[in-house]
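Accompanying notes for the structure given below.
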There are 2 protein chains.
Amino acid sequence: MLGKDARHEQAQREIIAACWRLARDEGRLGFSLKEVAAAVGVQAPSLYSYFASKNAIYDAMFADGNRAFLERMRTVPTSGSPRDTLLAAAAAFIEFCVEDPVRHQLLFERTIAGFEPSPAAYAIAGDVIELMRDEFAKLGIHDPAHLDIWTALVSGLAAQQLANEPGGSRWSGRVAASVEMFADFVFKEES
Amino acid sequence: MLGKDARHEQAQREIIAACWRLARDEGRLGFSLKEVAAAVGVQAPSLYSYFASKNAIYDAMFADGNRAFLERMRTVPTSGSPRDTLLAAAAAFIEFCVEDPVRHQLLFERTIAGFEPSPAAYAIAGDVIELMRDEFAKLGIHDPAHLDIWTALVSGLAAQQLANEPGGSRWSGRVAASVEMFADFVFKEES
DNA sequence: GTCTATATCCAGATAGAC
DNA sequence: GTCTATCTGGATATAGAC
């Protein structure tokens, strides 16, 4: 049997899962609390037993999405050559973005009216940056400029794909060439 | 004296200008028609003499922003070396994005609830693509993949700047290095 | 064209009984 | 914790007089 706190947390997870489903179905984050309540089988005011406000729900989604992002990037294989690792990381990132447009919007664009992530939720996003910096260091890439150009490049491919051809592969299919360009640039002195 | 149609168009321009001001001040595109009306000195329903709906206003803003974008990119100097031209184009694009975050959101992210640009407004955006393709051809860049990677790279720099450090220059300051990377890549066979 | 008045609809959030 | 009822506040859009 679950204890009371565990039940409470389980209910919170179910609410957040319903929010993700609604957002994906509608293609936007503008779901109403009434819809959320209906999706989990309660009345709207009951949600306030689990979240203090709608922004608290967005915050939980933001944290949830960043945990998924961290998990995904952790599982990128790093056993091959530096170029293999870069390609795997770029492909994983772009796939993560493209497979869920509303998650991408919540995590990487800052576009919801009055919502600002809490420090706790934001810290998870910081963990991903740290992970990337560590992995790049292992590849011999230490220049902060290179890291910034990397994030611009791969997030740019994902964003162009989502904005101009959602569901397609015109930009996401350029990931190999883009990584080649980047690797040529950062490894040029060593060859 | 202005004719009646010219007056009407002038009033439309004033309304759109007020919308841009409001959006910039509030940092978002969620202004209300009541605010717009107050800004131009009329009551809200009077706006319907000039625009059929709020989405029609967004559409006019979208067209207006794309005209400004086209104008800006047209004035990029192309008299220097190919690398100079690329750098000037990238810098102009990023400056255009960063100087007006809400315009960037309207033009390049697709994030307003029920708004889809009309074909007429969208055609202006297409003109910019055409301009870019022509200029790239003059530089000897014909591969569509290179054009896609270019847009991903420069729009990625701008988007990262806006999302993570609005008002700063951490990513926009990497434009020279990024263009160097890109130019090395697309011109590599020629050197 | 512009106005006042209003229709219509919806949102997030709270009060208080059970 | 959950419910019903309600508060409070907004939005876009229309009707119809002037």
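Proteins get letters first, then strands, A, B, ... in listed order; numbering begins at 1 in each.
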*At what distance, to the nearest 0.5 angstrom, does CG of A:L157 lie from OG of A:S178?*
4.0 Å
Write down the distance between [atom1] ([X]) and [atom2] ([N]), rounded to a whole number of angstrom.
X     : N      : atom1 : atom2 : value
A:Y48 : C:dG12 : OH    : P     : 7 Å
B:Q43 : C:dA5  : CD    : P     : 10 Å
A:K54 : C:dA13 : NZ    : C1'   : 12 Å
A:F51 : D:dG1  : CZ    : P     : 12 Å
A:L47 : C:dT14 : CG    : P     : 13 Å
B:L22 : D:dA11 : CG    : P     : 12 Å
A:Y58 : C:dA11 : OH    : P     : 11 Å
A:K34 : D:dA5  : NZ    : C1'   : 13 Å

Closest to side chain of [X], choosing from [options]:
X     : options                : answer
B:S53 : C:dT14, D:dA13, D:dA11 : D:dA13
A:S49 : D:dT2, C:dA11, D:dA15  : D:dT2
A:H8  : C:dC3, D:dG1, C:dG12   : D:dG1
B:P45 : D:dT12, C:dA13, C:dA5  : C:dA5

Step through it carefully: locate the ring centre of [X], locate the ring centre of [Y], and say whether they are under 6.0 Å apart.
X      : Y      : answer
A:F136 : A:H146 : no
A:Y58  : A:F31  : yes
A:F69  : A:F108 : yes

*Under 3.5 Å side-chain donor-acceptor pair for B:T111 and A:T111*: yes
*What is the nucleic acid contact for B:Y50, judged by heavy atoms within less than 4.0 Å: base, sugar-phosphate only, or nothing?*
sugar-phosphate
*asked:* Less than 4.0 angstrom between a side-chain N/O of A:S46 and OP1 or OP2 of D:dG1, yes or no?
replied: no
